[in-house]
Novice: 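One structure follows; several queries about it will come next.
Atoms within a ligand are numbered from 1 in the order they appear, just like the ligands themselves. The structure displayed is predicted, hence computed values, not measured ones.
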Amino acid sequence: MRILSGMQPTSHLHLGNYLGALRNWVKLQDEPDSECFYMVADLHAITQDYDPEGLAQATREIAAAFIAGGVDPAQSSIFVQSSVTAHSELMWLLSTMTQMGKLERMTQFKDKAGKNAERAGLGLFAYPVLMAADILIYKATHVPVGEDQKQHLELSRDIAATFNTKYKTETLIQPEPYIVGEATRVMSLQDGSKKMSKSDPSEKSRINMTDDADTIAKKIKKAQTDPEPLPETVEELEGRVGALNLVTIYAALAEVSRAEVLTQYAGKGWGEFKPALADLAVEMLAPMTERMNQLMDDPLEIDKILVAGNEKAHQITQKTLKEVQETMGFWK
Ligand code: AQP
């Protein structure tokens, strides 16, 4: 198995990023036959407004979060997307065979561009082509992501198939999504119908991996629920988006099913459930936050890890890029 995934240094990682993706990265790293590449996706992060002064530090922080979350740099390559230039080069080649109509159907573009799609940058529109290049350049077989990235991953498969058919080759591999666990789509604590997101203007909408115990408890206390107590079955949570979200988060943190959570809490009120959920979240996140802070105190160590990861990624990606260029008939 060759694994590739990434996170954007757009802000602090949150519980959705951890439960939906990062935790699965660690599981895949521990598979006996896996070779893992985990990137800080800084080229994706600049597709919307960002702070150039803070980008390098945000990049280190995301790398620190990977390690604090359990990615072991001795087992997996952690690298920076912009340092491995073959990603952008392959993106251009793939963009020539990606139909605009397909990109127009991408829901993330519609969500992020909003009503102003005409004014959105080409980078935001072409984001899924860069994502396809990120994956295909490693010939990745599996891509661990949250539910929200499923459509982009389908497009990556589609682009790989288009390339292979057009050039009568088997150079590119169609990657399989790896979307598993109880929390493949963690919702906002303030609005259970919206995804928990780094870019949500409300801090209260998400639990950051950098939040302390007090902040986590306060955010969970204020999280959206409803006046009804916890039901007996998962089916009864339908339409109760805030309640469903908290039960889902609890299940994911405790690594049990939602049904098991309800067996324990059926008939109980939120006044009892929320503190238990907060304890669970703190128990999981506190050691990671501590480790992250330690790592952030030693930026040179993080840089050393990234330089080693970049080098490994560079070697592999140059090989695929050369193959693709030869297949496409470029002069050499
Ligand atoms: N709410 C979520 N639930 C489960 N998984 C999630 N992911 C993101 N949000 C959730 C997964 O985390 C990985 C990294 O995502 P990203 O950094 O590429 O950005 P994103 O998907 O656009 O996530 P955000 O947090 O909402 O960032 P912004 O606000 O910057 O766009 C991906 O595997 C994603 O599926």
Novice: Measuring from the heavy atoms of R206, does anything fall under 4.0 Å of ligand 1?
Specialist: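 Distance cut 4.0 Å: R206 fails for ligand 1.
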Novice: Hey, are K27 and E255 close enough for a salt bridge, meaning a charged N less than 4.0 Å from a carboxylate O?
Specialist: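 Yes, K27 and E255 are salt-bridged.
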Novice: Thinking salt bridges, do E104 and K110 make one under a 4.0 Å N-O criterion?
Specialist: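 Looking at K110 together with E104, the answer is no, because their closest N to O distance does not fall below 4.0 Å.
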Novice: Less than 4.0 Å between a side-chain N and a carboxylate O, is that true for K139 and E170?
Specialist: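 Between K139 and E170 there is no salt bridge, as every charged N stays at least 4.0 Å from the carboxylate O atoms.
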Novice: Checking the side chain of Q48 only, and the main-chain atoms of L124 only, is there a donor and an acceptor separated by less than 3.5 Å?
Specialist: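 Not confirmed, Q48 side chain does not pair with L124 backbone.
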Novice: Check Q151 against T107 and note the closest heavy-atom contact, atom names and distance.
Specialist: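 Of all heavy-atom pairs spanning Q151 and T107, the closest is OE1-N, 2.8 Å.
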Novice: Counting from 1, what ligand 1 atoms have a heavy atom of G20 closer than 4.0 Å?
Specialist: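 Matching atoms, with element in brackets: 4 (C), 5 (N).
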Novice: What part of H14 sits under 4.0 Å from ligand 1 if we count only heavy atoms: the side chain, the backbone, both or neither?
Specialist: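 The answer is the side chain of H14.
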Novice: Quickly, which of W25, F79, F37 forms a ring pair (Phe, Tyr, Trp, His ring centres under 6.0 Å) with F66? Name it, please.
Specialist: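 In the set W25, F79, F37, the residue that makes a ring pair (Phe, Tyr, Trp, His ring centres under 6.0 Å) with F66 is W25.
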Novice: Using a strict cut-off of 4.0 Å, indicate which atoms of ligand 1 neighbour a heavy atom of T10.
Specialist: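 Near T10, meaning under 4.0 Å from one of its heavy atoms, ligand 1 has 30 (O).
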Novice: Quick one: which of I62, V186, N17 has a heavy atom closest to atom 12 (O) of ligand 1?
Specialist: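 Residue with the shortest heavy-atom distance to the ligand atom: N17.
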Novice: To which protein heavy atom is atom 29 (O) of ligand 1 closest, and what is the distance rounded to 0.1 Å?
Specialist: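 Of the protein heavy atoms, S199 OG, 2.5 Å lies nearest.
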Novice: Partners of K195 by salt bridge (Lys or Arg N to Asp or Glu O under 4.0 Å), sequence neighbours excluded?
Specialist: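 So K195 forms a salt bridge (Lys or Arg N to Asp or Glu O under 4.0 Å) with D148.
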Novice: Where on K112 is there a heavy atom closer than 4.0 Å to ligand 1, on the side chain, on the backbone, on both, or on neither?
Specialist: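 The part of K112 near ligand 1 is the side chain, not the backbone.
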Novice: Going by heavy-atom distance to atom 10 (C) of ligand 1, choose the closest among S197, S5, G16.
Specialist: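 The option holding the nearest heavy atom is G16.
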Novice: Suppose I only count heavy atoms of M196 and a 4.0 Å limit; which atoms of ligand 1 are within that range?
Specialist: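 Within the 4.0 Å cut-off of M196, ligand 1 contributes 1 (N), 2 (C), 9 (N).
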Novice: Are side-chain N/O atoms of N208 and H14 paired as donor and acceptor at under 3.5 Å?
Specialist: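 No, H14 and N208 have no side-chain donor paired with an acceptor closer than 3.5 Å.
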Novice: Measure Q8 to ligand 1 on non-hydrogen atoms and call it side chain, backbone, both or neither using the 4.0 Å cut-off.
Specialist: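 Under 4.0 Å from ligand 1, Q8 contributes backbone and side-chain atoms.
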Novice: For atom 23 (O) of ligand 1, what is the nearest protein heavy atom, given as residue, atom name and distance?
Specialist: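 Ranked first by proximity to atom 23 (O) of ligand 1 is K195 NZ, 3.2 Å.
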Novice: Of the side chain and backbone of T184, name the one, both, or neither that has a heavy atom under 4.0 Å from an atom of ligand 1.
Specialist: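 Within the 4.0 Å criterion, T184 contacts ligand 1 through backbone atoms alone.
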